[in-house]
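See below for the structure under consideration.
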Amino acid sequence: MDFINKKRMPIDLKTHIGEEVTYRVDQLNVKGLMLTPKQDVKRIVIYLRGGKGKVGRVRTGRLLQFSDPNTLVFGPYYRGNNGSEGRDEFSGKDLHDVTKAMDILKSLYPDAYVHVVGFSRGGLQGLLAFQHLPANSYIIWGGVTDLHLMYEERVDLRGMLRRMVGHPKKDEEAYQKREALQYINSNSPPILIVHGGKDHQVGIHQGYHLEEYLEKIGHNYQTFYQMEEGHVPRPKALSEVLKVIHQWMENVEQENNKV
């Protein structure tokens, strides 16, 4: 099992090879950006982007934030975005774009640890998919945890949500399928919740909503709240959160080694 096409990207990296890859999902050609280490692959990070279309698109600089010399980082564009066929369904069948890519990567690197990072709207994608990849951990960063909350708060996004998902009352089943917390239990992989206290795109109470549920079910989770930061942290705070994320991944892997 492999990607059906790989296109080298015009980026000069000492430790990684940058490629735009194409793979088949549900009879569609779907694309993503992949940074593959020139050394052995010991860790895979799946980055689930925010936004839609060109807003929040997967970029090399973003993927590099999660890399090290032995870490492969992959960011699916999602169907209907950036040259991928099909229609973006906002955590509908586009979840297959994540699980299929993971199937390919695990077939190529079966012994590698897997961590998923879901940013903004990618937070919901990750909550719905991370248990099934399988992943060793999930990092939700400024992420949507409840689509109903998002619909109520982001009046400017209601039109987009009605087009992609439907109306919360008229299309109740579509929203119910996207209620991610119902699929998480105490045996699910550990979760790190990262959020900014001044995030106006995805309010911090989305993080609190997830934390409250995880606490109730006795789940293994941690939080890292930056109360003075917005949706995207400022440079110093960004450096701090990336250190926390990298340490989190190392700690999870060490715990797995003890088992």
Side-chain angles (χ1 to χ4, degrees), residues 21 23 25 30 32-37 41-51 56 58-59 62-68 70-79 81 90-145 178 180-181 183-185 187-195 202 206-207 210-211 213-214 219-224 241-242 244-253 255-256:
V21 299
Y23 55 109
V25 191
V30 177
L33 183 61
M34 183 167 69
L35 304 181
T36 305
V41 175
K42 297 181 180 179
R43 175 190 295 161
I44 297 169
V45 173
I46 305 294
Y47 173 70
L48 304 181
R49 56 166 285 190
V58 179
R59 299 181 185 277
R62 186 61 158 165
L63 299 192
L64 282 172
Q65 293 178 334
F66 308 105
S67 71
D68 66 26
N70 295 108
T71 298
L72 181 152
V73 190
F74 176 76
Y77 295 166
Y78 308 141
R79 60 187 63 191
N81 292 282
F90 209 98
S91 302
K93 290 183 180 178
D94 47 299
L95 293 175
H96 300 169
D97 305 346
V98 182
T99 54
K100 180 65 174 182
M102 194 66 258
D103 287 344
I104 295 172
L105 291 171
K106 283 297 282 184
S107 71
L108 296 172
Y109 309 104
D111 298 324
Y113 293 102
V114 178
H115 303 273
V116 181
V117 180
F119 181 75
S120 197
R121 68 73 68 94
L124 185 62
Q125 247 99 341
L127 285 174
L128 289 164
F130 80 106
Q131 306 176 76
H132 310 294
L133 294 182
N136 294 101
S137 84
Y138 178 48
I139 300 104
I140 180 167
W141 186 352
V144 175
T145 62
R178 291 166 173 80
L181 272 58
Y183 306 114
I184 301 173
N185 58 55
N187 295 319
S188 299
I191 295 175
L192 173 65
I193 305 170
V194 176
H195 221 112
V202 181
Q206 293 262 6
L210 175 59
E211 180 186 0
Y213 178 76
L214 297 180
H219 187 272
N220 179 11
Y221 75 95
Q222 290 184 21
T223 62
F224 185 70
V241 72
L242 289 173
V244 169
I245 289 172
H246 280 272
Q247 188 62 56
W248 162 267
M249 293 189 289
E250 289 180 15
N251 291 346
V252 168
E253 291 166 11
E255 285 299 316
N256 275 269

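All values below come from the heavy atoms of this structure, side chains included, with hydrogens, waters and symmetry mates left out.
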Does the structure place the NZ or CZ of Arg43 under 6.0 Å from the centre of the six-membered ring of Phe66, at an angle of no more than 45° from the ring's axis?
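So Arg43 doesn't make the cation-pi contact.
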
Is the positively charged end of Arg121 above the ring of Phe90, judged by distance under 6.0 angstrom from the centroid and angle within 45° of the axis?
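Because its charged atom sits under 6.0 Å from the ring centre and within 45° of the axis, Arg121 does stack over Phe90.
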
I want to check something: taking the side chain as every heavy atom from C-beta on, are [X] and [Y] in contact at a cut-off of under 4.5 Å?
X	Y	answer
Leu105	Met34	yes
Asn70	Pro37	no
Phe224	Ile193	no
Asp97	Tyr23	yes
Arg49	Tyr78	yes
Tyr109	Thr36	yes
Leu35	Leu72	no

Among side-chain atoms of Glu255 and Asn251, is any donor-acceptor pair under 3.5 angstrom?
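Note: Glu255 and Asn251 side chains miss the donor-acceptor criterion.
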
Candidate list Phe130, Tyr221, Trp248, Phe119, test ring pair (Phe, Tyr, Trp, His ring centres under 6.0 Å), partner Tyr138, passing option
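With Tyr138 as partner, Phe130, Tyr221, Trp248, Phe119 yield a single ring pair (Phe, Tyr, Trp, His ring centres under 6.0 Å), made by Phe130.
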
Which atoms form the tightest heavy-atom contact between Val25 and Arg79, and what is the distance?
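Taking every non-hydrogen atom into account, CG1-NH2, 3.4 Å.
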
Is a side-chain N or O of [X] found less than 3.5 angstrom from the main chain of [Y], in a donor-acceptor match?
X	Y	value
Gln125	Gly118	no
Asn187	Asn185	no
His195	Thr223	no
Lys100	Leu95	no
Tyr213	Leu181	yes
Thr145	Gln206	yes

Candidate pair Val116 and Ile139, rule side chain to side chain contact (heavy atoms under 4.5 Å, CB included), full reasoning:
CA-CA 6 Å; Val116 181; Ile139 300 104; over 6 Å; no

Stepwise side chain to side chain contact (heavy atoms under 4.5 Å, CB included) check, Val45 with Val117
CA-CA 7 Å; Val45 173; Val117 180; 3.9 Å; yes

Before you tell me yes or no, could you show the steps for Leu33 and Phe74 under side chain to side chain contact (heavy atoms under 4.5 Å, CB included), namely the whole-Å CA-CA distance, both residues' side-chain angles and the distance that decides it to 0.1 Å?
CA-CA 6 Å; Leu33 183 61; Phe74 176 76; over 6 Å; no

Rounded to the nearest 0.5 Å, how far does [atom2] of [Y] lie from [atom1] of [X]?
X	Y	atom1	atom2	answer
Leu133	Ile44	CG	CD1	10.0 Å
Ile46	His115	CD1	NE2	11.0 Å
His219	Ser188	NE2	OG	4.5 Å
Asp68	His246	CG	NE2	7.0 Å
Ile140	Leu124	CD1	CG	8.0 Å
Asn81	Asp94	CG	CG	8.5 Å

Tell me whether Lys42 at atom NZ has more than 12 heavy atoms from other residues, nucleotides or ligands lying less than 6.0 Å away.
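No, NZ of Lys42 has 12 or fewer neighbouring heavy atoms, counting only those of other groups under 6.0 Å.
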
With a 6.0 Å cut-off (strictly less than), is the heavy-atom count around CD of Gln222, excluding the residue itself, greater than 12?
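Open.
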
